[in-house]
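Worksheet: one structure, shown below.
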Amino acid sequence: MEITVTGRKMTISDSLRTYVEDKIGNSVKVFNITPMSAEVVLRMEKNPANPNPAVVEVTLYTKGHIIRTVVADEDMYTAIDVAAAKVERQLRKYKTKVIDKRQQVKKQREPLWAGAIDSIEQAIEERFALEDDEDRIVRIKQIDLVALTEEEALIQIDLLGHDFFMYTNAVDGLANVMYRRKDGSYGILKPRVETIDGN
């Protein structure tokens with residue numbers, strides 16, 4: 001499996017890169033899922049008041065799905081260990097909900113379009129990173145959506161760990177937004193379609 005390790009405003013030493021590749025690689029290989037690739041981003045927050053400045057972001061791409069984990073800790077090596085463990089749990093969930101279910105019903109599902117999910121993910125991160133920039137549009141991104149059933153959308157939002165997920169409803173072809181409610185349940189925003197006579 002290909003693992004890309006990059007540093008955001010920090011230099012990645014050979015020993016740190018090797019540690020990441022070993023930890024993440026070991027968490028992934030037990031599931032024997034192909035094809036799969038991983039992107040790992042390491043960064044150190046500069047805020048001295050932050051007790052967990054070491055941040056590890058792991059994004060796995062496999063068969064049209066994206067599995068994402070973000071961990072913050074006081075030590076980078078500890079953060080990598082925790083991220084590797086979370087990746088393993090997410091992969092176990094992915095295998096149970098997606099792969100095993102496919103084999104059980106013996107029906108090939110339509111792959112999800114990863115780029116749309118990635119674009120939404122970046123938009124979420126940028127929104128919270130720019131909370132002080134009120135009344136200012138700092139970026140516009142266009143995304144393509146794929147047709148999903150509500151069940152498939154529920155699986156994807158769960159794997160990503162996001163609070164909302166936008167997709168095209170496979171039944172009616174309209175854009176829907178699935179979101180996580182405060183009580184842990186899920187809701188869906190659907191557009192109201194008016195007929196020609198206004199009803």
Side-chain angles (χ1 to χ4, degrees), residues 1-45 52-73 75-103 107-126 129 139 141-148 152-162 165-167:
M1 182 190 72
E2 179 184 359
I3 302 177
T4 303
V5 183
T6 58
R8 188 174 298 168
K9 296 183 179 179
M10 66 173 288
T11 302
I12 305 298
S13 65
D14 291 340
S15 59
L16 187 59
R17 185 183 304 277
T18 299
Y19 193 81
V20 171
E21 292 173 347
D22 289 344
K23 283 291 182 177
I24 301 301
N26 288 337
S27 295
V28 170
K29 68 181 182 181
V30 295
F31 294 95
N32 193 28
I33 300 172
T34 57
M36 178 182 290
S37 62
E39 293 180 1
V40 182
V41 178
L42 310 180
R43 71 175 190 271
M44 292 294 296
E45 300 290 350
N52 298 310
V55 180
V56 179
E57 302 174 8
V58 182
T59 307
L60 300 178
Y61 301 92
T62 176
K63 296 186 179 181
H65 286 268
I66 292 180
I67 301 169
R68 180 171 168 77
T69 297
V70 180
V71 172
D73 202 280
D75 175 73
M76 183 60 75
Y77 285 90
T78 303
I80 294 169
D81 290 343
V82 176
K86 289 185 68 175
V87 163
E88 186 171 339
R89 289 195 297 272
Q90 287 292 82
L91 281 174
R92 186 174 291 109
K93 183 186 297 184
Y94 167 78
K95 186 176 185 300
T96 300
K97 289 190 172 184
V98 180
I99 297 180
D100 290 351
K101 189 168 184 178
R102 283 178 180 172
Q103 293 173 349
K107 179 180 178 182
Q108 184 67 35
R109 294 182 182 272
E110 181 180 3
L112 305 182
W113 192 82
I117 302 166
D118 188 52
S119 297
I120 294 172
E121 169 195 326
Q122 291 180 13
I124 294 171
E125 292 179 350
E126 290 167 6
R139 189 174 184 183
K141 293 198 72 171
Q142 293 181 324
I143 60 175
D144 295 327
L145 303 179
V146 70
L148 303 175
E152 289 170 330
L154 185 61
I155 291 173
Q156 189 62 62
I157 193 175
D158 189 39
L159 289 174
L160 287 170
H162 285 170
F165 175 67
M166 187 173 183
Y167 64 100

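What you see is a predicted model; the values in this text were computed from it and never measured. Sequence positions, counted from 1, serve as the residue numbers for this chain.
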(Q) Going by side chain to side chain contact (heavy atoms under 4.5 Å, CB included), Val5 matches just one of Val41, Leu16, Val20, Ile24. Which one? (A) Val20
Q | From Lys93 atom NZ to Glu88 atom CD, the distance as rounded to the nearest 0.5 Å | A | 13.5 Å
Q: Please tell me if the side chains of Val55 and Glu57 come closer than 4.5 Å, counting only heavy atoms from C-beta onward.
A: yes
Q | Distance, nearest 0.5 Å, that separates CD of Gln156 from OH of Tyr167 | A | 12.0 Å
Q: For the residue pair Leu91 and Met36, establish whether any side-chain heavy-atom pair is separated by less than 4.5 Å.
A: yes
Q: Provide the closest heavy-atom pair for Ser27 versus Val87 in the form atom of the first, atom of the second, distance.
A: CB-CG1, 4.5 Å
**Q.** Glu45 side-chain N/O to Asn52 backbone N/O, donor-acceptor pair under 3.5 Å
**A.** no
Q) Going from OG1 on Thr6 to CD on Glu39, what distance comes out if it is rounded to the nearest 0.5 angstrom? A) 7.5 Å
Q) Considering all heavy atoms of both residues, which atom of Val70 and which atom of Lys86 are nearest to each other, and what is their separation? A) O-NZ, 3.7 Å
Q. Of all heavy-atom pairs between Met166 and Leu145, which one has the smallest distance, and what is that distance?
A. O-CD2, 3.8 Å
Q | Taking every non-hydrogen atom, the tightest pair across Val56 and Ala83 | A | CG1-CB, 3.9 Å
(Q) Could you report the tightest heavy-atom contact between Ile67 and Gln90, atom names first, then the distance? (A) CG2-CB, 3.4 Å
Q | Where at least one partner belongs to residues 9-33, residue pairs that pass salt bridge (Lys or Arg N to Asp or Glu O under 4.0 Å), sequence neighbours excluded | A | Lys23-Asp81
Q: Can you measure from CZ (Arg68) to CG (Leu159) and round to the nearest 0.5 angstrom?
A: 13.5 Å
Q.
What's the separation between atom CG in Leu60 and atom CD1 in Ile3, rounded to the nearest 0.5 Å?
A. 8.5 Å
Q. With sequence neighbours left out, what residues match Ser15 under side-chain hydrogen bond (donor to acceptor under 3.5 Å, both in side chains)?
A. Ser13
Q: Report yes if some heavy atom in the side chain of Thr59 is under 4.5 Å from a heavy atom in the side chain of Ile66; otherwise report no.
A: yes
Q: Look up atom CE in Met1 and atom OH in Tyr61, then write down how far apart they are to the nearest 0.5 Å.
A: 12.5 Å
